[in-house]
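Since the structure comes first, as structure tokens, the remarks are kept for the end.
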Amino acid sequence: MKINIGRNLQRRFRSLVAIEGDLFLLGRWQSRIALFSVLTCLIVISSIAHAAIPVIDLKQAVDTFVQSIPGSGQGGYKDPTCDLIARTRLVKGFQKARNGQLLRASKHLALVNYTARIYVDSGTEREVVILQEEKVNDTYPRAWGLYVIAWPPKQNLSNLVVEVPHACPKAPKGCDGGDTDSHLVGVEAFRSANARYLFINGAQRNATSLSDVAHQPESAFEKIHEAALDPIQMGLGSNVKVYQAHRFFTGNHDGQNGDPPPPVDNVNPGMEGVADVVVSNGTNTPTGTLAETVAVAVEAKDSLFFFVCLANGAGTCSDLAATTNVQKDHMYGGSFVHVEANESVYVCDSPCRRDELAQAVANAMK
């Protein structure tokens, strides 16, 4: 509805000059009245079309979703290999939606309890389509995630995909693994860069033995990642840039009780002390890559607060380098950037450090 109206409005506005020229033959007074009537009609139509789209705060909507997903040890995640038809339908639904075919997308998605709805994000006043699973008896049938598409797709030229594979609720034991609020960093980066996609996992990484979608090649999350990137599937191809937002807990990386040593700041202008941010491209050769550009940009954002380790396989932060990440293994020639930040960076005060991190990454990657 909105798409067709928008296109008709564009055509009508482009023809207004011609209309005014024809109306001038009727006389100056009559032409002004007629032109005013045409403009009024178009404004009313535009207002009705815009009013028909619900306005949401995307950050709040994503947070509400994340707080509702299964937490650590709670189960609720369905093994996709036991439901391959449903996984195919979800991926097909995503593909139709990203091509702008919402009606066709909805037919596929309805078969797996997903909807595809257009919203206006109040934080940016831009339109997005959200693919979200509907609950049945207050639980998600599969817990396969939430997927956001910048809308309309043909008007968004970004090659940036923002992924949050370890989002987790704050309920007791909901976030074993330390990724609390990583989804909020993802939304901020998606907004700041006007990125094309935002993907959020549907169950905490330890909800079951298979729910860590960053390390499960058969997950629906991974298959949608592939559909978004693979040029054979009309994906973004070698021009794609993927940013994954993660969080780590300092106490698990302090060199105590057998834990890995603390990450070390090895990026200018810092080059000293313990790092609070780790950037990698999933390999041990980050020099000259987009990951290095991001690392420098984050450190430069505030060199008195952000201390960055660029993972290079030398042991300074190699345990946080995403070398076993499955999305990194399916990049089709594009650039993968994995950013871990500790709890100090996730403080949202004045300034909101997690937003600053997201904005620095977004500016370097958009």
Side-chain angles (χ1 to χ4, degrees), residues 1-7 9-10 13 43 46-67 94 97-100 102 105 115-132 145-165 167 181-201 224-225 228 236 239-245 294 297-298 301 337 339 341 345-346 348-366:
M1 180 71 170
K2 166 66 171 160
I3 301 169
N4 292 336
I5 290 174
R7 289 174 178 169
L9 285 174
Q10 290 177 1
F13 276 118
I43 291 171
S46 179
S47 299
I48 292 172
H50 190 75
I53 302 177
V55 177
I56 62 167
D57 181 332
L58 182 62
K59 188 171 287 188
Q60 185 178 63
V62 170
D63 185 56
T64 298
F65 166 75
V66 169
Q67 302 314 321
F94 167 79
R98 66 99 187 270
N99 293 337
L102 275 193
T115 59
R117 297 192 175 109
I118 302 177
Y119 299 96
V120 173
D121 174 23
S122 62
T124 59
E125 297 187 352
R126 294 194 295 261
E127 292 177 17
V128 296
V129 161
I130 299 180
L131 277 55
Q132 183 169 356
L146 177 146
Y147 305 92
V148 182
I149 303 171
W151 202 260
K154 290 184 179 179
Q155 292 183 19
N156 186 291
L157 302 180
S158 173
N159 290 319
L160 178 60
V161 181
V162 179
E163 298 181 342
V164 186
D181 291 341
S182 58
H183 60 287
L184 301 179
V185 174
V187 175
E188 183 63 28
F190 174 81
R191 283 173 161 178
S192 296
N194 191 21
R196 186 176 295 244
Y197 302 127
L198 170 65
F199 300 160
I200 310 288
N201 61 295
I224 288 181
H225 165 91
L236 296 171
N239 292 322
V240 74
K241 296 172 282 187
V242 172
Y243 162 47
Q244 279 200 358
V294 169
V298 171
K301 182 74 173 179
V337 178
V339 181
V345 177
Y346 272 74
C348 192
D349 203 340
S350 183
C352 183
R353 292 301 188 177
R354 68 174 183 236
D355 282 355
E356 287 189 329
L357 171 68
Q359 291 157 9
V361 174
N363 288 336
M365 294 188 70
K366 67 182 179 181

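Basis for what follows: all heavy atoms, side chains included, without hydrogens, waters or symmetry-related copies.
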State, to 0.1 Å, how close [X] and [Y] come at their nearest heavy-atom pair, and which atoms those are.
X	Y	result
Y243	A189	CE2-CB, 3.6 Å
A116	L131	CB-CD1, 4.0 Å
L160	S158	N-OG, 3.0 Å
A150	A195	CB-O, 3.5 Å
P153	A97	CG-O, 4.2 Å
W151	I118	NE1-CD1, 3.7 Å

Separation between [atom1] of [X] and [atom2] of [Y], rounded to the nearest 0.5 Å:
X	Y	atom1	atom2	answer
F65	I200	CZ	CD1	8.0 Å
H225	F94	NE2	CZ	10.5 Å
E127	I149	CD	CD1	13.0 Å

Is any side-chain heavy atom of [X] less than 4.5 Å from a side-chain heavy atom of [Y]?
X	Y	answer
L236	Y197	yes
R126	Q155	no
S182	Y346	yes
K241	V337	no
R98	R196	no
R117	I130	no
V62	F190	no
R354	C348	yes

Open item on the list: Regarding R191 and D57, does a basic nitrogen lie under 4.0 Å from an acidic carboxylate oxygen?
Closed with: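 A salt bridge is present here (some side-chain N lies under 4.0 Å from a carboxylate O).
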Task: Test item: D63 side-chain N/O and K59 main-chain N/O as donor-acceptor pair under 3.5 Å - done: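 Side chain of D63 to backbone of K59: no pair is present.
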Task: Check: N194 side chain, N156 main-chain N or O, donor-acceptor pair, under 3.5 Å - done: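 Pair absent, no side-chain N/O of N194 close to backbone of N156.
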Open item on the list: Please determine whether side-chain contact (heavy atoms from CB on, under 4.5 Å) holds for the pair D181 and H183, giving the CA-CA distance in whole Å, both sets of side-chain angles, and the decisive distance to 0.1 Å.
Closed with: CA-CA 5 Å; D181 291 341; H183 60 287; 4.0 Å; yes
